[in-house]
Amino acid sequence: MAHSIYIPGFSHSNPVPAAAAVGNLVMSGGIHGSDPATGKVAATLDEQCRNIFKHFSAVMEAAGGKLDDIVKVTVWLADPSDRTVLNEAWVEAFPDPQRRPTRMVRPGQLAPGTFVVCDMTAVIGGKG
């Protein structure tokens, strides 16, 4: 049975949690770059990317894991050709090239003011 994961400073407009876990498998819904302190979507792509990784960290902590447990991230960018900012935030969140999850970037038709949305899949305590 799935265990819903809600985190402070993040919510969906629909009645769904930020993520859910079954055993050691954790999957998020779409995570946008809202500011954890205010809940409002940040103004820039840079802030949104950094906030997404803060939300990922909070989800993983709530699930009993850490960022290193993430194995796959899907990214929807309003402008998929603009990966420089995403890559900078990515390297900050996952500094060890030997411990980074896989990633796929897709074009996204996102809400006005939203430049990026991500989801992730993690396995807590898996061999790595």
Side-chain angles (χ1 to χ4, degrees):
M1 177 177 290
H3 165 75
S4 298
I5 299 171
Y6 296 91
I7 56 172
F10 179 85
S11 65
H12 288 284
S13 57
N14 294 303
V16 296
V22 174
N24 64 344
L25 176 66
V26 180
M27 297 183 81
S28 78
I31 303 291
H32 53 76
S34 60
D35 182 322
T38 67
K40 296 183 189 231
V41 175
T44 68
L45 176 59
D46 179 62
E47 293 172 299
Q48 288 183 25
C49 287
R50 288 173 186 355
N51 287 341
I52 285 170
F53 294 122
K54 289 177 187 174
H55 295 317
F56 278 2
S57 185
V59 163
M60 293 310 300
E61 182 178 336
K66 54 192 180 309
L67 284 177
D68 282 352
D69 295 319
I70 298 173
V71 295
K72 174 75 189 287
V73 175
T74 303
V75 180
W76 290 269
L77 277 173
D79 179 0
S81 68
D82 186 12
R83 296 182 192 200
T84 303
V85 172
L86 171 63
N87 287 339
E88 290 170 2
W90 182 265
V91 170
E92 282 181 22
F94 307 105
D96 182 349
Q98 302 304 313
R99 307 266 323 147
R100 289 183 185 140
T102 62
R103 182 182 86 186
M104 179 173 31
V105 177
R106 315 259 319 152
Q109 293 182 337
L110 307 176
T114 300
F115 307 118
V116 59
V117 172
C118 298
D119 70 11
M120 62 89 183
T121 301
V123 178
I124 297 173
K127 290 186 174 185

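Quick note: numbers below take in every heavy atom, side chains included, and nothing from hydrogens, waters or symmetry partners.
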Return the [atom1] to [atom2] distance between [X] and [Y], rounded to the nearest 0.5 Å.
| X | Y | atom1 | atom2 | value |
| --- | --- | --- | --- | --- |
| Glu88 | Asp46 | CD | CG | 7.0 Å |
| Met104 | Lys72 | CE | NZ | 4.0 Å |
| Cys49 | Lys54 | SG | NZ | 12.0 Å |
| Arg106 | Thr74 | CZ | OG1 | 8.5 Å |

- Message: Can you confirm whether Arg103 sits close enough to Leu86 that some side-chain heavy atom of one is under 4.5 Å from a side-chain heavy atom of the other?
- Response: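 Yes; the side chains approach each other to less than 4.5 Å.
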
- Within a strict 4.5 Å, meaning less than it, do heavy atoms of the Asp82 and Leu77 side chains meet? no

- Message: I'd like to check the side-chain contact (heavy atoms from CB on, under 4.5 Å) partners of Phe56; sequence neighbours left out, ordered by chain and number.
- Response: Ser28, Ile31, Ile52, Phe53, Leu67, Ile70, Val73, Cys118, Met120

N/O donor-acceptor pair under 3.5 Å between [X] side chain and [Y] backbone:
| X | Y | value |
| --- | --- | --- |
| Gln48 | Phe115 | yes |
| Asn14 | Val16 | no |
| Thr102 | Val71 | yes |
| Asp69 | Lys66 | yes |

Between [X] and [Y], which heavy-atom pair has the shortest distance, and what is it?
| X | Y | value |
| --- | --- | --- |
| Ala122 | Met60 | CB-CE, 3.5 Å |
| Ile124 | Gly64 | CG2-O, 3.7 Å |
| Ser34 | Phe10 | OG-CD1, 3.6 Å |

- Would you kindly confirm whether Phe94 and Val59 end up in one hydrophobic cluster when ILVMFWY residues are joined by side chain heavy atoms under 4.5 Å apart?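 Yes, Phe94 connects to Val59 through the hydrophobic network.
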
- Group every Ile, Leu, Val, Met, Phe, Trp and Tyr by side-chain heavy-atom contacts under 4.5 Å, then state whether Met27 and Val123 land in the same group.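 In one cluster: yes.
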
- Just wondering, are more than 12 heavy atoms of other shown residues or ligands nearer than 6.0 Å to CD in Glu92?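 Above 12, so yes.
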
- Query: Listed by chain and number, what are the salt bridge (Lys or Arg N to Asp or Glu O under 4.0 Å) partners of Asp68, not counting sequence neighbours?
  - Reply: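 For Asp68 the salt bridge (Lys or Arg N to Asp or Glu O under 4.0 Å) partners, ignoring immediate neighbours, are Arg99.
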
